[in-house]
Number of protein chains: 2
Amino acid sequence: MDATPEILGELSLFEGLSPERLVVLAERCRISSVNKGEHVFRAGDPGNGLYAVVSGLVRIYRGSPGGKEQVLHFIEPGEPFGEVAVFQGDAFPADAQAMVPSQVLFMSRRDFLDLARQDPEITLQMLARLSLRLRRFVHQVAELSLKEVPARLAAYLLKELEEQGSNPLTLPMSKGQLASFLGTIQETLSRSLKRLEGQGLIVVKGREIGVLDLSALQSVAEQGR
Amino acid sequence: MDATPEILGELSLFEGLSPERLVVLAERCRISSVNKGEHVFRAGDPGNGLYAVVSGLVRIYRGSPGGKEQVLHFIEPGEPFGEVAVFQGDAFPADAQAMVPSQVLFMSRRDFLDLARQDPEITLQMLARLSLRLRRFVHQVAELSLKEVPARLAAYLLKELEEQGSNPLTLPMSKGQLASFLGTIQETLSRSLKRLEGQGLIVVKGREIGVLDLSALQSVAEQGR
DNA sequence: CGGTCTCTTGAATACCTTCAAAGTAGGTGG
DNA sequence: CCACCTACTTTGAAGGTATTCAAGAGACCG
């Protein structure tokens, strides 16, 4: 399916572009539908362009031979993914899989580089975007290496609490997926949740989690045991 | 100390710039000396510009309240660091410390952005650079989460073997630092080395490591136990 | 109401860290 | 050249945390 200027305008990637430019770009982008569980690309695939999520949700992850998976990030509508292969190297470093039925936009490397040369602001925006991602990775590496699972979980809950703004917060994914994002497995996450609950810091009810003791949770997040 | 055009020309950051441009830039950059162990910046410091290593060696790391440290990367002469704070956010996300007496160059955010606007190629280079760093982080997160210490160590040794090209390879840092880079501690690294040695895969002699069984080492690196 | 996917729980195990102590190496001053 | 200091490294024993394996409970959907 072809992309339309309206759709492109919704993507943060193309923020600030003139309507005329969007019309031109629309001809060069393709939108495709992917089913739940289907892969947009796999680690090692040649990266001939970049993608963006139009609707749905995509997760980027790496798998191990033993079957364990580590989620690197979740891509929400409007956000691009697979940019790294455009600027550096040729193969995608990870797998991209739709978590729900999704629509993704594709733009070839050539078309994107042309765009970048015509619109330097796009390049600066991309720098800001990659920098943010780097910052998140720094955080993720530090968390994995320096904190134990309950601390990582507590930090995650605090982040979600802040972002959602409502107190019984709702996990945006299955607990299995969350475990994989936090660098652990389902069983361990389950036990950690139960432990925090037993300490009276939270209440768990399905995907709803109520925070009872904010400061204690913060102390756990900073490895306060 | 002021920077000179000759010094700037050596930095990969400024690769491809005209000599005239380098002269102008030299006036805006400052070079300072840092002693071994001294910090160039600390996590949380406001990031008003970017740095590059002129000579010496700088490590970027995060510490935990418990005292453990995770090295994120080592910066060698010619390479920039602290760029993330220039494009996104304001505070440095990690600590930067000289491992040996070093000289580092500083360029203010404003001066760098001016340069980027005048020389779009610099921006594209920076994108390639950040993309490479992202790729490395993807790798680091996956290794930390999916592999055990012996596998991470084996993968590291294979990488060094390839880069150095000589068979008794030489560790470029202390084993304590290596441990911190691999996401573990000195004692565990020591035991892992001994284990690989006991299996006849390598020979360890101080910082020299000879690889005896390449394919077996590769199999360990891929979690072949 | 059966089937499937998600989640929980228990027991055993593996891996890594902690703590403590001793050994090694390199550099400096006597 | 030797003695000594310091930083780095190794080693052992004990403990803690996370994973594995296996089974059962719960939730959702057709």
Side-chain angles (χ1 to χ4, degrees), chain A residues 35-37 63-71 97 99-101 143-154 170-199 202-209 220 223-225, chain B residues 35-37 59 63-71 97 99-101 143-154 170-198 202-209 220 223-225:
Chain A
N35 299 320
K36 175 178 177 176
S64 79
K68 192 180 168 188
E69 292 176 348
Q70 170 67 47
V71 171
Q97 181 187 42
M99 300 185 69
V100 298
E143 294 266 310
L144 280 174
S145 168
L146 303 175
K147 290 183 179 176
E148 294 161 2
V149 174
R152 304 207 286 271
L153 171 58
T170 305
L171 296 180
M173 67 194 99
S174 78
K175 288 176 185 169
Q177 285 302 315
L178 176 56
S180 168
F181 180 63
L182 295 178
T184 184
I185 57 175
Q186 212 168 160
E187 294 95 317
T188 302
L189 176 64
S190 179
R191 289 184 236 269
S192 298
L193 278 170
K194 173 153 263 203
R195 178 164 154 190
L196 293 180
E197 198 170 22
Q199 292 170 330
I202 60 175
V203 196
V204 183
K205 190 174 181 180
R207 285 196 186 176
E208 305 242 304
I209 298 186
V220 170
Q223 202 75 297
R225 199 57 31 116
Chain B
N35 299 319
K36 174 179 176 176
R59 73 176 180 132
S64 79
K68 192 179 169 187
E69 292 176 347
Q70 170 68 47
V71 172
Q97 182 187 40
M99 299 185 69
V100 298
E143 295 267 310
L144 280 173
S145 169
L146 304 174
K147 290 182 178 177
E148 294 161 3
V149 174
R152 305 208 284 271
L153 171 58
T170 305
L171 296 181
M173 67 195 99
S174 78
K175 288 176 185 168
Q177 284 303 316
L178 176 56
S180 168
F181 180 62
L182 295 178
T184 184
I185 58 176
Q186 213 167 160
E187 295 94 317
T188 302
L189 176 64
S190 179
R191 289 183 237 270
S192 298
L193 278 169
K194 173 152 262 202
R195 178 163 154 191
L196 292 180
E197 198 170 22
I202 61 174
V203 196
V204 183
K205 191 174 181 180
R207 283 196 187 178
E208 303 244 303
I209 298 185
V220 171
Q223 202 74 296
R225 200 51 36 113

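Keep in mind that what you see is a predicted model, and the values were worked out from it rather than measured.
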| said: At less than 3.5 Å, do the side-chain atoms of B:Glu187 and the base atoms of C:dC19 form a donor-acceptor pair? | reply: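 Flag set: donor-acceptor pair detected.
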| field | Base C:dT18 paired with B:Arg191 side chain (donor-acceptor, <3.5 Å) | value |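 Present.
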Could you tell me the separation between the [atom1] atom of [X] and the [atom2] atom of [N], rounded to a whole number of Å?
X        : N      : atom1 : atom2 : result
A:Arg207 : C:dT8  : CZ    : P     : 11 Å
B:Lys175 : C:dA25 : NZ    : P     : 11 Å
B:Lys147 : C:dA14 : NZ    : P     : 22 Å
A:Gln223 : D:dT17 : CD    : C1'   : 11 Å
A:Gln70  : D:dT19 : CD    : C1'   : 15 Å
A:Lys36  : C:dT4  : NZ    : P     : 15 Å
A:Gln186 : D:dA18 : CD    : P     : 16 Å
A:Arg195 : D:dT17 : CZ    : P     : 6 Å

| Pairwise side-chain contact, B:Thr184 with B:Arg191, heavy-atom cut-off 4.5 Å (strictly under) |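 No, their side chains stay 4.5 Å or more apart.
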| query | Under a 4.5 Å cut-off applied to non-hydrogen side-chain atoms, are B:Arg195 and B:Pro150 in contact? | reply |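 A side-chain contact exists here, since the closest heavy-atom pair is under 4.5 Å.
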| message | Just to be sure I understand the rule, does B:Thr188 reach a base, reach only the sugar-phosphate, or reach nothing, if contact means heavy atoms closer than 4.0 Å? | response |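 Base contact - B:Thr188 has a heavy atom under 4.0 Å of at least one base atom.
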| 5'-most by nearest nucleotide on DNA chain C - A:Ser145 or A:Ser174 |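 Per heavy-atom nearest nucleotide, the more 5' residue is A:Ser174.
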Hey, is the side chain of [X] poking within less than 4.0 Å of OP1 or OP2 on [N], counting only N and O atoms?
X        : N      : result
A:Thr184 : D:dA18 : no
A:Ser190 : C:dT8  : yes
B:Lys68  : C:dT17 : yes

| said: Of the options C:dT9, D:dC8, C:dC15, whose atoms approach the side-chain atoms of A:Lys194 most closely? | reply: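 Selected nucleotide: C:dT9.
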| query | With B:Ile209, which of B:Leu171, B:Thr170, B:Val203 fulfils side-chain contact (heavy atoms from CB on, under 4.5 Å)? | reply |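 Running side-chain contact (heavy atoms from CB on, under 4.5 Å) over B:Leu171, B:Thr170, B:Val203 with B:Ile209 returns exactly one hit, B:Leu171.
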| field | For A:Leu153 against A:Ser192, the heavy-atom pair lying closest together | value |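 Minimum heavy-atom contact is CD2-CB, 3.8 Å.
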| Of the non-hydrogen atoms in B:Ala179 and B:Gln186, which two are nearest, and what is the gap between them? |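 Nearest pair, atom of B:Ala179 first, then B:Gln186: CB-N, 3.7 Å.
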